[in-house]
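The structure under discussion appears below in the form of structure tokens.
These values consider heavy atoms only, across backbone and side chains, with no hydrogens, waters or symmetry-generated copies. Remember, predicted model here, so these are calculated numbers, not experimental data.
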Amino acid sequence: MVANPTIVKYAFAALVAGILIIVAVSYQFNIKIFESSIIYDLDTPSFGLQRGALCSDKIPFLSHSEEKPFGTYLQQTLEFKPFQDLFTAVNATAGVALQSRGEAHVTVVSPPEFDYVLKPAGVTIREIEDIAINADIQGARLKPVCLGRFNGSLPRPTSDQDQGIFMLYSLVVADEYGDLLSIRQQISRLYHDKGGEGALFQPEAFWPHVTIGYDRRDLFIEDGIYKGKNFCYARIHPEN
């Protein structure tokens with residue numbers, strides 16, 4: 001008995017659709033576990049963030065490519081106004097005068113990742129941006145998780161300027177449907193195709209966040225600062 005080709009085609013399509021639904025539900029389930037595992041103090045403050053602050057599909061993509069160290073990277077650009085309001089509220093309670101970046105974004109490929117790993121393997125920023133634009137990076141779906149804070153000394157200071165106490169606040173966000181992770185995975189495949197050493201670029205080593213303010217300078221993984229749920233300090237609630 002020969003199977004009807006039309007039935008086989010639709011059965012295959014249904015199977016693929018079912019797998020995609022399972023993957024999406026599983027990803028969202030993991031996000032919920034991520035959020036519910038955050039432990040706050042009883043007197044934890046809560047800060048408001050405008051609804052839709054993380055929606056950037058109407059905002060143009062911005063390219064960042066400069067012929068200088070750490071001048072090239074990939075970001076999802078966000079509207080600044082909602083984060084300026086959040087900065088004002090945080091700055092009023094921080095106890096020190098904070099600096100704002102004056103813009104808002106989520107870094108998807110960091111300057112050190114590009115300069116030290118991707119570029120030496122022959123991956124260009126144009127190739128990275130083509131992947132991001134084709135994947136609609138500005139339409140990536142994000143969800144606020146918490147306000148993160150670091151208030152302490154760096155674990156491995158490299159100069160006298162790195163001594164002492166630093167304060168930093170960032171909005172920790174969830175890449176709710178894996179949109180940004182998918183972009184990093186595509187970049188990783190390109191990197192492998194060009195002969196890059198796999199151990200040097202891990203697409204899942206990614207903690208999306210929006211820097212809100214800092215007292216001395218922004219801090220990064222290279223400073224020993226990780227901005228995942230471990231970073232959470234205060235709750236975020238939606239405001240109109």
Side-chain angles (χ1 to χ4, degrees), residues 34-35 37-41 44-45 64-76 83 86-87 90-91 93-121 123 125 128 144-175 180-181 183-185 187-188 191-192 196-234 236:
F34 170 91
E35 294 175 3
S37 63
I38 299 170
I39 300 175
Y40 294 104
D41 294 333
T44 296
H64 291 274
S65 176
E66 298 182 25
E67 291 297 326
K68 64 178 185 179
F70 302 149
T72 302
Y73 52 95
L74 178 68
Q75 71 173 40
Q76 178 182 359
F83 298 95
L86 179 57
F87 168 82
V90 171
N91 194 33
T93 65
V96 298
L98 299 176
Q99 304 174 56
S100 167
R101 297 181 66 96
E103 53 85 24
H105 70 270
V106 175
T107 300
V108 181
V109 173
S110 71
E113 284 180 318
F114 182 78
D115 283 5
Y116 296 148
V117 180
L118 299 173
K119 184 178 179 180
V123 178
I125 188 60
I128 290 173
V145 174
C146 71
L147 181 71
R149 182 182 73 173
F150 175 74
N151 183 23
S153 56
L154 300 183
R156 44 178 183 267
T158 58
S159 68
D160 290 342
Q161 292 181 332
D162 285 345
Q163 301 290 340
I165 301 299
F166 287 78
M167 183 172 285
L168 163 73
Y169 290 87
S170 298
L171 178 74
V172 177
V173 303
D175 181 18
L180 297 182
L181 176 59
I183 291 172
R184 286 179 58 86
Q185 289 171 335
I187 294 169
S188 178
Y191 171 69
H192 278 270
E197 172 54 55
L200 299 181
F201 186 79
Q202 176 67 29
E204 292 78 16
F206 175 54
W207 297 270
H209 63 276
V210 182
T211 298
I212 302 302
Y214 45 83
D215 62 345
R216 295 168 62 182
R217 66 173 176 86
D218 201 354
L219 301 172
F220 308 96
I221 293 175
E222 291 74 20
D223 296 303
I225 306 303
Y226 292 86
K227 300 171 184 176
K229 68 177 183 179
N230 55 297
F231 186 45
C232 287
Y233 154 74
I236 290 290

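- Between Arg217 and Asp162 there is a salt bridge, since at least one side-chain N of the basic residue sits less than 4.0 Å from a carboxylate O of the acidic one.
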Next item on the list: With side-chain contact (heavy atoms from CB on, under 4.5 Å) as the test, would you mind laying out the steps for Val106 and His209 before giving the verdict?
Entry: CA-CA 6 Å; Val106 175; His209 63 276; over 6 Å; no

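- When atom types are taken as modelled, the side chain of Asp223 and the backbone of Ile221 share no donor-acceptor pair closer than 3.5 angstrom.
- With hydrogens and angles ignored, the 3.5 Å screen pairs no side-chain donor or acceptor of Thr107 with any backbone N or O of Ser110.
- Ionic pairing of Arg156 and Glu222 is not present here: no N-O contact between side-chain nitrogen and carboxylate oxygen is shorter than 4.0 angstrom.
- Remark: Lys229 NZ to Ile38 CD1 distance equals 7.5 Å, nearest 0.5 Å.
- Contact record, Tyr116 with Pro120: O-CG, 3.5 Å, taken as the closest heavy-atom pair.
- When all heavy atoms of Gln76 and Val108 are compared, the closest pair comes out as N-CG2, 4.1 Å.
- Judged by distance alone, the side chain of Ser170 and the main-chain N or O of Val172 form no donor-acceptor pair under 3.5 Å.
- Here the side chains of Phe114 and Thr72 are in contact, with some heavy-atom distance below 4.5 Å.
- Here the side chain of Gln163 pairs no donor or acceptor atom with the backbone of Asp160 at under 3.5 angstrom.
- Residue Ala121 comes nearest to Tyr191 through the heavy atom pair CB-CE1, 3.4 Å, listed as atom of the first residue, atom of the second, then distance.
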Distance-only check: which donor-acceptor pairs under 3.5 Å involve side-chain atoms of residues 199-207, not counting sequence neighbours?
{"residue": "Gln202", "atom": "NE2", "partner": "Glu204", "partner atom": "OE1", "Å": "2.4"}
{"residue": "Glu204", "atom": "OE2", "partner": "Gln185", "partner atom": "NE2", "Å": "3.2"}

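- Panel note: side chain Asp115, backbone Phe70; a donor-acceptor pair is recorded below 3.5 Å.
- Within the 4.5 Å cutoff, side-chain heavy atoms of Thr211 are placed close to those of Leu168.
- Geometrically, Lys227 does not engage Phe150 in a cation-pi contact defined by less than 6.0 Å to the ring centre and at most 45° from the axis.
- Looking at every heavy atom in both residues, Asp175 comes nearest to Leu181 through OD2-N, 2.8 Å.
- At least one side-chain heavy atom of Phe87 sits less than 4.5 Å from a side-chain heavy atom of Leu98.
- With sequence neighbours left out, the side chain to side chain donor-acceptor pair (under 3.5 Å) criterion links Glu197 to no other residue.
- Here the CG atom belonging to Asp215 is positioned 10.5 Å from the CG atom belonging to Asn91, to the nearest 0.5 angstrom.
- Judged purely by distance below 3.5 Å, without hydrogens or angles, the side chains of Glu103 and His105 pair a donor atom with an acceptor atom.
- When side chains are defined from C-beta on, Ile183 counts as touching Leu74, because their heavy atoms get closer than 4.5 Å.
- Of the inter-residue distances, the one linking Ile225 atom CD1 with Phe220 atom CZ reads 11.0 Å to the nearest 0.5 angstrom.
- Residues Ile236 and Val145 have side chains not in contact (no heavy-atom distance under 4.5 Å, counting atoms from C-beta outward).
- Using a 4.5 Å heavy-atom cutoff, the side chains of Glu113 and Lys119 are not in contact.
- Side chain of Asp218 to backbone of Tyr214: no donor-acceptor contact under 3.5 angstrom is found.
- When side chains are defined from C-beta on, Tyr40 counts as touching Cys146, because their heavy atoms get closer than 4.5 Å.
- Residues Pro45 and Tyr233 form a side-chain contact, since some pair of their non-hydrogen atoms from C-beta on lies under 4.5 Å apart.
- The shortest heavy-atom contact between Ala234 and Thr44 is CA-CG2, 3.6 Å.
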